[in-house]
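First up is the structure itself, then whatever we jot down about it.
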Amino acid sequence: MIYDHKKIEKKWQKKWEKDGIYKTSENKNKKRYVLDMFPYPSGASMHVGHLEGYVGTDILSRYLRMKGIDILHPMGWDAFGLPAENYAIKTGIHPDKETHKNILNFKKQLMASGLSYDWDKEIDTSSPEFYKWTQWLFIKLFEKGLAYKKKSPVNWCPKDETVLANEQVEDGKCERCDTPVIKKDLDQWFFKITDYSDRLISGLDGIDWLEEVKTQQKNWIGRKEGINISYEIDGYKDKVTVFTTAPVNFGATFIVIAPEHELISKIINGEIKVDDLIKNKVKKYYEMAMSKSDQERITEGKEKTGEFTCLYAINHLTNEKLPIWVTDFVLANVGTGAVQGCPGHDKRDFQFAKKFGLPIKRVVVGADGDESEIKLESQVIEHGKKGTFINSEFLNGMDFEEGLRKTMDYFEEKGWGKRVISYHIRDWLISRQRYWGCPIPMIYCDKCGWNPVPESELPVLLPTDVDFLPHGESPIARSTSFQKDVVCPSCGKPAKREVDTMDTYVDSSWYFLRFCDPKNTKEFASKEKIIPVNDYVGGGHVVQHLLFARFFWKVLFDLGYIDKKMGDEPFLKLRAPGWILGPDSRKMSKRWGNVITPDDIIPKFGADTLRVYEMFMGPFDIMKPWNITGVEGAHRFLGRVWRLFHQTRNPSLITDKPVLSKMHQTIKKVGEDIENYKFNTAISSLMELVNVLSSCDSLNIDSLNILARLLAPFAPHLAEEIWHAILGQKNSIHISQWPTYDEKYLKSDEVTIVIQVNGKLRGQVVVDSVQATDKETIIKLAKTDEKVAKWLKSGKIKKEIFISNKLVNFVI
RNA sequence: GGCUGGGUGGCGGAAUGGCAGACGCACAGGUCUCAAAAACCUGUGAGGAUAACACCUCGUGAGGGUUCGACUCCCUCCCCAGCCACCA
């Protein structure tokens, strides 16, 4: 009989769907939540790389299901987003129509791959049933004071008159028309994620994520302990406060402030009176800096620029005057937007001092002992390096780190400074001046200000009477139906709706909660049904998504919408599948013409082959190049399995002892490997087992029964077919019991003991498993081994090492 | 520049202190065939040795260390990948 994957796979996919064998049971005691990061249904077809993670979680889910554990394993669509809107601008096709066409296509591909999702739980973030609750969530945050509106600069394309997302800015230019992007101040909604900074760091300790991803989260939050130091400005009432983690104050010779700093606006608007010539120069510098994009500020940034403000601060320790300069290498949103320049001990400060002829003082000697004047950048000893203070009065002779601590103590004592913690993370800007997103459920009234739409009126539906062309504001602003009869929820007078939509990250950062209870019309999800995700699989590099999702969980947890027993973190384990590269070892891309899709593989080889190959390629989480001969190898393996089951041979009642032990070892290994995401070695051990069974003259039916079930998570269609056609079973193999192993069969009767002389392999003895643990017998045997004896002749044995069941090592 | 991974045959990889190269790919030889494909069998780290075996030496990026024993642990260095980056 020929292995006709086409017929088999179609047949079983239909049957599984009809019988609903992957439905989640509502037994909440044993539930385990296995989740893929849900996809954006783009117009481009899915490629084999997307499937890597989905197949991994599918194998895990099928395995757990067979172990009798109730699994929640759903799939849905991150359906709002820019590509569909841009497509609509180009073609006039409504994003809703295009998106749903893509969803159907994606779903078809997932089903053709034999993935065992519970499609009853399918969600779509662009459906009103879903985004009603996105709006509800917004209102909860608003009520808690965690959502607020503030003026903030956005990327702005002057030609297209539109706001651009960061991803739409390439090299400081608009991706559509190549016009340089500028910053524009707009009133925008923010979520106060910064309130949760410390908990977002500490929560990482208790969860099973890759170290790399945890570090990325920590870096993004960027917690730093330092000190804010305030300086009087000579001759003026104003003060300037700098933030530093390394107060090398005996070496401070100037202060630099960001162009956006309030001192600069005060100079420009005349609040701080300075010489007109200086004022004009500062103004010119400010305008120049503002006209540059972030991109330009960074790329040009190696060359320091700046302008002297003519103001001076007074160094508390030395009473020397510190000139205050404006420069764009100081970033307004880091620390206080002002930095003290210590050119001897910071490379950027050194470059700045060198360029503008400011004094450079050495106050620390590094490991090289060089005490000379600092003239070269290479002599700069930065914070973090080993060093000892000099030229610093009470700090002299002190270790670098300790001296900094002492300085902070001293400054706090004197009231000149205060220790602070600075974070890199900013509040989350969620306003988008775009159409294809979730409307922000807020109403503005001239008298009452911003008020949320009453819960009973949710959802605020996306209007359909809009064109999609960008005009410098949300396309929704031009809808007439959207603002019709809107009244202030507080005073009842005519009012206006917010026309911006939410960042699609908002949808995709709470969707996993909705999967717990997707059909609930009364709540976003019932408290009884919400559980954290046990296994979350997808790109680990999605730093923001993970932070936002953790933030939402913590907020809802604090508000009492999540059972305290469920804990403070939403994703208990996170694994990231590695990229699958094209056959040319480059990232799969239309540009290189190296994209492989499931449709290229499934018709010819079948979904089972595709699944087995993808999992066998290498470790789950690393980058792997596609190799078509490898696919053929996987197909050959399944063909061998097929023939093994179809071969006629003498059925035996008892299985050989060595075969039996291989069998039980494999049951153990495959199970453990699946739980540890080591699918590649699980498959290789299955291959070994198949090789062993293929060479047996007679096979007992139990062995075949076990083998079929071990294969089921990897090659679900083939296993199902064999289960019914050969093994005569009635119910699906995927709801059968996972085989158990027996400890007593794990060890084979015969054990090979390795014999080493001076750590080198010189022979081996085969003994039974009882003898293998007996030191004296083994050593006696080892010495009589002809080859070993030869090596032992040349000297006296100094030491005999015996490792039970494994080896003997003679040291001579 | 910072952080985090990683470096093992012709290739993907296995082994986390105990026989390095499991499993697969590729390649070579063979069986079947008029022939080919498919399938099956055998071999396959490098070098030496042999009529053939036996056998020996070297070998996990480089160098050093710990250990009876190191791909695995420690130190120094080199290289590659990913993420972040004028973050004070």
Side-chain angles (χ1 to χ4, degrees), chain A residues 2 210-220 222-224 226-227 242-248 256 258 297-304 327-331 333-342 345-349 351-352 382-384 422-424 540-541 543 576 578-579 585 612-613 616-619 621-634 636-637 639-640 643 678 680-691 694-695 752-764 786-787 790 797-803 805-812:
Chain A
I2 265 184
L210 293 176
E211 209 43 52
E212 187 191 346
V213 182
K214 284 191 187 181
T215 311
Q216 272 176 31
Q217 300 258 301
K218 282 183 198 154
N219 288 347
W220 191 274
R223 184 181 198 276
K224 271 179 232 96
I227 184 166
V242 303
F243 171 76
T244 178
T245 53
V248 194
V256 270
R297 264 170 88 159
I298 290 163
T299 42
E300 294 171 12
K302 299 289 166 214
E303 187 59 30
K304 300 285 175 288
T327 173
D328 66 2
F329 87 78
V330 176
L331 305 175
N333 57 5
V334 176
T336 58
V339 180
Q340 52 184 23
C342 307
H345 304 288
D346 182 286
K347 290 194 171 162
R348 291 154 309 174
D349 295 351
Q351 289 159 6
F352 192 79
E382 288 196 302
H383 166 53
S422 150
Y423 297 90
H424 171 72
H541 56 279
V543 184
W579 287 90
S585 290
V612 167
Y613 171 63
F616 184 63
M617 286 172 87
D621 53 8
I622 70 159
M623 240 190 236
K624 303 156 279 240
W626 187 261
N627 178 4
I628 192 66
T629 59
V631 180
E632 286 160 6
R636 225 171 290 158
F637 167 64
R640 269 206 304 279
R643 268 175 272 122
K678 289 166 80 174
N680 57 331
T681 50
I683 292 171
S684 63
S685 64
L686 282 168
M687 287 173 169
E688 285 180 45
L689 178 63
V690 168
N691 290 344
S694 300
S695 58
T752 305
I753 306 282
V754 168
I755 303 157
Q756 298 181 332
V757 178
N758 283 339
K760 286 198 171 149
L761 173 72
R762 296 303 180 193
Q764 46 191 342
E786 210 180 304
K787 285 180 241 159
K790 203 173 77 191
I797 297 170
K798 285 195 201 122
K799 212 170 174 183
E800 291 166 350
I801 316 267
F802 172 73
I803 309 291
N805 270 311
K806 269 193 183 137
L807 112 172
V808 176
N809 188 12
F810 296 109
V811 186
I812 57 169

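Below, read A as the first sequence line, B as the second, and so on, with proteins coming before strands; counting in each chain starts at 1.
- To the nearest whole angstrom, the two C1' atoms, one in B/U50 and one in B/C56, are 12 Å apart.
- Contacts of A/R762 with the nucleic acid, taken as non-hydrogen atoms under 4.0 Å apart, involve only primed sugar atoms and P, OP1 or OP2.
- Here the side chain of A/N691 is nearest to one of B/A88, B/G24, B/G18, namely B/G24.
- For RNA chain B, the stems formed by at least three consecutive Watson-Crick or G-U pairs, with both atom-pair distances below 3.5 Å, span B:1-7 with B:78-84, B:10-12 with B:23-25, B:27-31 with B:39-43, B:45-48 with B:55-58, B:61-65 with B:73-77.
- As rounded to the nearest Å, B/A35 and B/U42 have P atoms that lie 23 Å from one another.
- With hydrogens and angles left out, the side chain of A/K304 and the base of B/C86 share a donor-acceptor pair within 3.5 Å.
- A/D349 comes within 4.0 angstrom of nothing in the nucleic acid, heavy atoms only.
- In this structure, A/Q756 reaches the bases: a heavy-atom distance under 4.0 Å links it to at least one base atom across the strands shown.
- If you measure from atom CD of A/E382 to atom C1' of B/C87, you get 13 Å, rounded to the nearest angstrom.
- Annotation: salt bridge (Lys or Arg N to Asp or Glu O under 4.0 Å) contacts of A/E632 (sequence neighbours excluded): none.
- Glycosidic conformation of B/G13: anti, with the torsion beyond 90° of 0.
- Note that the CE atom of A/M687 and the CZ atom of A/F616 stand 4.0 Å from one another [nearest 0.5 Å].
- Distance check on atom P: B/G6 versus B/A14 gives 12 Å, rounded to whole Å.
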- Item | Protein-to-nucleotide contact annotation, 5' to 3' order, nucleotides 2-17 of chain B [B base; S sugar-phosphate only; - none; under 4.0 Å, heavy atom] | -SS-------BSSS--

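- Remark: A/E800 pairs with A/K783 by the salt bridge (Lys or Arg N to Asp or Glu O under 4.0 Å) rule, at least two apart or across chains.
- A/K624 contributes a side-chain N or O that, together with a main-chain N or O of A/P619, makes up a donor-acceptor pair within less than 3.5 Å.
- For A/R223, the salt bridge (Lys or Arg N to Asp or Glu O under 4.0 Å) partners are A/D198, A/E225, not counting sequence neighbours.
- Within the nucleic acid shown, A/V811 comes within 4.0 Å of sugar-phosphate atoms alone, with no base atom in reach, counting heavy atoms only.
- With sequence neighbours left out, A/D346 forms a salt bridge (Lys or Arg N to Asp or Glu O under 4.0 Å) with A/R348.
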